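Shown next, in structure tokens, is the structure this report addresses.
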Amino acid sequence: MKGNIHGGKQLGNGKKRLTLFISEDVHTKMLECAKEKQLTVSDITRIAVKEYLTREAGEA
């Protein structure tokens, strides 16, 4: 899931915007991880949400 690492907007049809607040420490860790994996922070957020929903659906 490689996103636009140059800051371009990717909001398209069928997508919804999500805004959240995280600590500076968590944001720094996300930036480091994103840079290492050549992803965006948004990519990492999408991956984390999908994994959470998959895990929760499996436990239901």
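Keep in mind it's a predicted model, so treat the numbers as computed, not measured. Values below: every heavy atom of this structure, side chains too, minus hydrogens, waters and symmetry copies.
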Requested in this report: Go through the steps to decide whether I22 and M30 satisfy the test side chain to side chain contact (heavy atoms under 4.5 Å, CB included), and finish with yes or no.
Outcome: CA-CA 10 Å; I22 57 175; M30 289 179 75; 3.7 Å; yes
Query raised in the report: Is a side-chain donor-acceptor pair under 3.5 Å present for D25 with T28?
Result: no
Report summary line: Rounding to 0.5 Å, atoms CD (E51) and CG (L53) come to a distance of 10.5 Å
Query raised in the report: To the nearest 0.5 Å, what is the distance between CD (Q38) and CG (D43)?
Result: 11.5 Å
Report task. Using the rule that two of Ile, Leu, Val, Met, Phe, Trp, Tyr join whenever any of their side-chain heavy atoms come within less than 4.5 Å, decide whether V49 and L20 are in one cluster. Result -> no
Report summary line: Rounded to the nearest 0.5 angstrom, the NZ-CZ distance for K15 and R17 is 11.5 Å
Query - Same apolar cluster: Y52 and L18, side chain cutoff 4.5 Å - result: no
Requested in this report: Enter the distance from E32:CD to I44:CD1 here, rounded to the nearest 0.5 Å.
Outcome: 10.5 Å
Report task. Please go through F21's hydrophobic cluster and name the other residues, only I, L, V, M, F, W, Y counting, with side-chain heavy atoms under 4.5 Å joining them. Result -> none
Query raised in the report: Partners of K35 by side-chain hydrogen bond (donor to acceptor under 3.5 Å, both in side chains), sequence neighbours excluded?
Result: none
**Report entry** Step-by-step side chain to side chain contact (heavy atoms under 4.5 Å, CB included) determination, T40 to R46
**Finding:** CA-CA 10 Å; T40 64; R46 282 189 285 273; 4.2 Å; yes
